[in-house]
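Below is one structure, written out as structure tokens, with a few remarks after it.
The residues of the chain are indexed from 1 along the displayed sequence.
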Amino acid sequence: MAAAAGLHQDVLARILLLLSCIVDRVRASAVNKHWRRVSLQNPPPLPRLLRPSTARTESYRIFGGFVDLHPSLSDEGRGPRFCGSAPGGWFVMSSQPWRGHALLNLRTGERVALPERVRIPLEFGLGVITCPMMIRAAVMSSAPPSGACLVAAVTSSQTNLAFWRPGMECWLSAPAVGRFVRNAEDITYHDGWFCAVESDDDLVCYKPEIAPAEDGAPSLTIRHHAYNLHVHGHRTAPGEIVSRYLLPSASGADLLMKSGQVLFVGRACSKAFYTGHTGGPGYIYFLDDVYTGGPHSVAQQNEYPCVDAGGWRYSVPDEIQRCLPWLPPSDTSPCIWYHH
């Protein structure tokens, strides 16, 4: 035990990186002063709260409520509307309400431009049209420049969902699913599939696949499955605003919001972590990203309040805690989770 207590800080840092459970990290930091110091220098991968602004985009620790200057943020983060986030500091963003879509790394400033139009095949093989589109929320399968990088976006356009991979000049619209118009509210990437939850509580999963086209150039085909998840007996009260979020569990094994986990929920940026107490109540941190006009009205706001954000514990259903830092409204984008 004495040898373990004095482990070299580089070795100890590697060990701490393997501890995904929050409670395990706390216990490790309590071994002695050396372990605590190294633990503080290598914080757990909990997301930070990012508040965008044209003046200055800042990140805040979830526990502590102070501005965190490490790591520093690229100047490219000032001004855009953020549409989704991914590990490694990557975001899907829009520099203007309807244009300027790109993948942006806030740590390095690296930027990958995204197309502004979506390709929509017409019914009965009558041809193809291309339309301008606005991204409301988007997720990626892996970060660029990986060849496995695919992006799925919830859009405001002639289609509600579109897909893109590097090398494509236009987005490709999602295939028709059933006879009704789809209305995705949130989307996540899970086990090789892009999964979207809809306003009627349906779950639709899409799997883009790269296949050679007739002219030899690679093309994108999309498989899909739809699941009816209606909650019987639940009715939305008059004037009630309901927001739906979708995220994988901490293990990555399923898409359920289970107890014993702490959940950070937000549009296209949610993530779950183990608390170490499987049978205990879970906890949800939520952002102020719900608007009276619905998710599609995100680009129509003059400012984005940050006051209706906080935490909720499963065991106390009627108690909301205002536990996140109070922030003035953003002039560019809702707050978003920053997965550094």
Taking every heavy atom of Ala86 against every heavy atom of Met140, the minimum-distance pair comes out as CB-CG, 3.9 Å
- Do the non-hydrogen side-chain atoms of Arg136 and Val154 ever get within less than 4.5 Å of each other? yes
Q.
Would you call the rings of Trp337 and Tyr285 parallel, tilted or perpendicular, taking 30° and 60° as the class edges?
A. perpendicular
Would you say the ring centers of Trp90 and His339 fall short of 6.0 Å from each other? no
- prompt: Does any N or O in the side chain of Thr332 come within less than 3.5 Å of the main-chain N or O of Thr54, such that one atom is a donor and the other an acceptor?
  reply: no
Hey, are the side chains of Phe163 and Ser173 touching, using non-hydrogen atoms and a 4.5 Å cut-off? no
Derivation of the side chain to side chain contact (heavy atoms under 4.5 Å, CB included) call for His101 and Met93: CA-CA 6 Å; His101 302 115; Met93 51 78 68; over 6 Å; no
Please confirm whether the ring centroid of Tyr189 lies under 6.0 Å from the ring centroid of Phe194.
yes
Residues Pro52 and Cys335: closest non-hydrogen pair is CD-CA, 4.2 Å
Keeping the roles fixed (side chain from Thr155, backbone from Thr159), state whether a donor-acceptor pair exists under 3.5 Å. yes
Any non-hydrogen side-chain atom of Arg51 less than 4.5 Å from a side-chain atom of Pro328? yes
- Query: Side-chain contact, heavy-atom cut-off 4.5 Å: Leu50 with Leu73?
  - Reply: yes
Exercise for the section: Give a yes or no on whether Arg36 atom CZ has more than 12 heavy-atom contacts from other residues, nucleotides or ligands under 6.0 Å away. Expected result: no
**Item:** Pair Arg56 + Glu58, salt bridge at N-O below 4.0 Å
**Value:** yes
Taking every heavy atom of Val139 against every heavy atom of Ile187, the minimum-distance pair comes out as CG1-O, 3.4 Å
Review point. Donor-acceptor pair, Thr188 side chain versus Pro248 backbone, under 3.5 Å?
Key: no
NZ/NE/NH1/NH2 to OD/OE distance under 4.0 Å, Glu185 and Arg244
yes
Under the criterion side chain to side chain contact (heavy atoms under 4.5 Å, CB included), I'd like the reasoning laid out for Phe273 against Leu46: C-alpha separation, chi angles, the key distance, then a yes or no. CA-CA 8 Å; Phe273 295 87; Leu46 296 176; 3.9 Å; yes
Of all heavy-atom pairs linking Thr130 and Arg117, the shortest is O-NH2, 2.8 Å
Heavy atoms of Ser94 and Arg99 approach each other most closely as OG-O, 2.9 Å
| said: Just so I know, are the side chains of Val112 and Asn105 near enough to count as touching, which here means a heavy-atom distance under 4.5 Å? | reply: no
*State, with a plain yes or no, whether a side-chain heavy atom of Phe91 is found less than 4.5 Å away from one of Ser85.*
yes
Discussion item. Is there a path of hydrophobic side-chain contacts, each under 4.5 Å between heavy atoms of I/L/V/M/F/W/Y residues, joining Trp193 to Tyr227?
Written reply: no
In terms of heavy-atom contacts, Trp35 and Ala28 come closest through CE3-O, 3.3 Å
Open item on the list: Quick check on the 6.0 Å ring-centre criterion: do Phe264 and Phe286 meet it?
Closed with: no
d(Ser59 OG, Arg48 CZ) to nearest 0.5 Å is 5.5 Å
Problem set entry | side chain to side chain contact (heavy atoms under 4.5 Å, CB included) evaluation trace for Met133 with Ile135 | CA-CA 7 Å; Met133 58 171 271; Ile135 295 178; 3.7 Å; yes
Q: Using a 4.5 Å cut-off on heavy atoms from C-beta on, say whether the side chain of Cys131 contacts that of Trp171.
A: no
* Asked: Is there a side-chain contact between Leu49 and Leu287, using heavy atoms and a 4.5 Å cut-off?
  -> yes
Item to check | Glu116 side-chain N/O to Gly100 backbone N/O, donor-acceptor pair under 3.5 Å | outcome: yes
